Protein chains: 2
Amino acid sequence: MNTTVSPTASGASTARRRLLDTATRLFYTEGIRAVGVDRIIAEAGVAKATFYNHFPSKDDLVLAYVNEQDRIGRDAVSALPEQRPPEMIAAVMGRISEAVVAGGWRGCPFLNAAAEYPDPKSPVRQAIDARRAWYHGVLRDLLQADGDPTPSVTASLLVALSDGLLEAAYLDDPAAVPALVGEALKRLLVRP
Amino acid sequence: MNTTVSPTASGASTARRRLLDTATRLFYTEGIRAVGVDRIIAEAGVAKATFYNHFPSKDDLVLAYVNEQDRIGRDAVSALPEQRPPEMIAAVMGRISEAVVAGGWRGCPFLNAAAEYPDPKSPVRQAIDARRAWYHGVLRDLLQADGDPTPSVTASLLVALSDGLLEAAYLDDPAAVPALVGEALKRLLVRP
DNA sequence: TCCTATTCAGACAGGTCTGTCTATTTGCAG
DNA sequence: CTGCAAATAGACAGACCTGTCTGAATAGGA
């Protein structure tokens, strides 16, 4: 083990970080299969050998991309101020509006990745499965605490609404989405 | 113009039909970029020159694929028996359940294609836009006839629910979707 | 200063991609 | 039978793909 921690060892190496940042931008805006390794290393300013030193294959980079997006989302939910279940549900769903009004929205990165990874046993799909299970679980627990008689069913509906509104923000009108989030919550949550 | 109609001219040529059928199956189950022209012509049993005789480029085949899926969906809705608006809405949304329980569901072909076509000006994306506008319009008109005070908003929510449930059938549990469709309708439709 | 790990640029292999082209064969209409 | 339109197999070009490898340059810690 290390007795001293080098300055760079406290965080990820800058080469790896630049690769992941560049890949995230390109994968998200243009699609995963559409972006080659040569393009990523060129725009990241990293040599090819360095790339394959950090990521054994392109699929490992894709997996790192998906996992990081997942982690960012979970951290954002963890960082939400504590509040009572109804407000907490609204805050969790409100992240949709925030993501969408920022501009440059190109759809849910998980749904986009799933469209390009048909094999449900692939690591990318497993990561997406875990992400979806986490999101459903967060909503289900909040709904249960709120006294919803069928929290799992309502959670499934909220997950579907989330996915659908994220796609609507990509393919239809992003500006209309925040109001739709509020309207959906009003109608889907059964008041006990 | 033709004075006599040859037997094959009454329908599309069999080569073109086989190409489109094969492409539909492969594009849907494996993804568009993931399937090459060589593979399509091999499985369709068609020569390469014949392929490029029917479709100037691969993208034209993709467009034909998306357009045909669109036409099939519209025809299915047109073929629904006439009934009063609430039942008609349930019937339109019920197509989700039918599509999903059949097995082999790999997500909404339009959302999957949109994930691989980032340029909103591309013909494929334009076709997807038209499809979405049609679907929203169908629901909006039915809701208006049903006396919904905000038919466009409700229609947007139903479109989002449709998209989300189609993705849930792909990524989560298809068997759970039919019940969710019914539950969503119960909660989203505002009774005047 | 030396050592070790990292990074660099870029060639290279082997495969796949789309699209073009040649040259032959098939099949139907007149 | 003749002629034309369409389909055939397959080579080919040029680009791009992932992944490997070579050999040199760089930088920070002991």
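Chain letters run A, B, ... following the sequence lines, proteins first and then strands; every chain starts at 1. Bear in mind that the values here come from a model prediction, so they are computed numbers and not experimental data.
- Backbone-only contact: Asn53(B) has heavy atoms under 4.0 Å from sugar-phosphate atoms and none from a base.
- Put simply, CZ on Arg16(B) is 15 Å from P on dT8(D), counting in whole angstrom units.
- Spacing between atom CZ of Phe51(B) and atom P of dT20(C) amounts to 11 Å, rounded to whole angstrom units.
- Put simply, the side chain of Phe110(B) does not reach to within 4.5 Å of the side chain of Arg132(B), judged on heavy atoms.
- Within the 4.5 Å cutoff, the side chain of Val77(B) has heavy atoms near those of the Trp134(B) side chain.
- Summarising the geometry of Ser162(A) relative to Met93(A), their closest heavy-atom pair is OG-SD, 3.4 Å, with the distance given to 0.1 Å.
- Spacing between atom CG of Leu19(B) and atom C1' of dA7(D) amounts to 11 Å, rounded to whole angstrom units.
- Proximity of Leu20(A) to Leu61(A): side-chain heavy atoms (C-beta onward) are separated by under 4.5 Å at one or more points.
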List, with names and distances, any nitrogen or oxygen atoms from the protein found under 3.5 Å away from nitrogen or oxygen atoms belonging to nucleotides 8-14 of chain C.
unit_1 : atom_1 : unit_2   : atom_2 : d
dC8(C) : OP1    : Gly45(A) : O      : 3.2
dC8(C) : OP2    : Ala47(A) : N      : 3.1
dC8(C) : OP2    : Thr50(A) : OG1    : 3.2

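- Put simply, the side chain of Arg84(A) reaches to within 4.5 Å of the side chain of Pro86(A), judged on heavy atoms.
- The shortest non-hydrogen separation linking Val35(B) to Lys58(B) is O-NZ, 2.8 Å.
- Counting heavy atoms from C-beta on, the side chains of Leu63(B) and Phe55(B) never come closer than 4.5 Å.
- Interface residues of residues 57-69 of chain A facing DNA chain D, ordered by number: Ser57(A), Lys58(A); criterion, heavy-atom separation under 4.0 Å.
- Look at His54(B) and you won't find any side-chain N or O under 4.0 angstrom from OP1 or OP2 of dA6(D).
- Arg33(B) has its CZ atom 12 Å from the P atom of dC16(D), to the nearest Å.
- Along DNA chain D, the nucleotide nearest Pro56(A) and the nucleotide nearest Ala34(A) are compared for position; the residue whose nucleotide lies closer to the 5' end is Ala34(A).
- For the 3.5 Å distance criterion, the side chains of Thr154(B) and Arg187(A) qualify, holding a donor opposite an acceptor.
- Taking atom OH on Tyr52(B) and atom C1' on dC17(C), their separation rounds to 9 Å, with Å as the unit.
- Asp38(A) is listed as a side-chain neighbour of Lys48(A), based on a closest heavy-atom distance under 4.5 Å.
- Protein atom CZ of Phe55(A) is 18 Å distant from nucleotide atom C1' of dT20(D), rounded to whole Å.
- Rounded to an integer number of Å, the gap from CD1 of Ile40(A) to C1' of dC16(D) is 14 Å.
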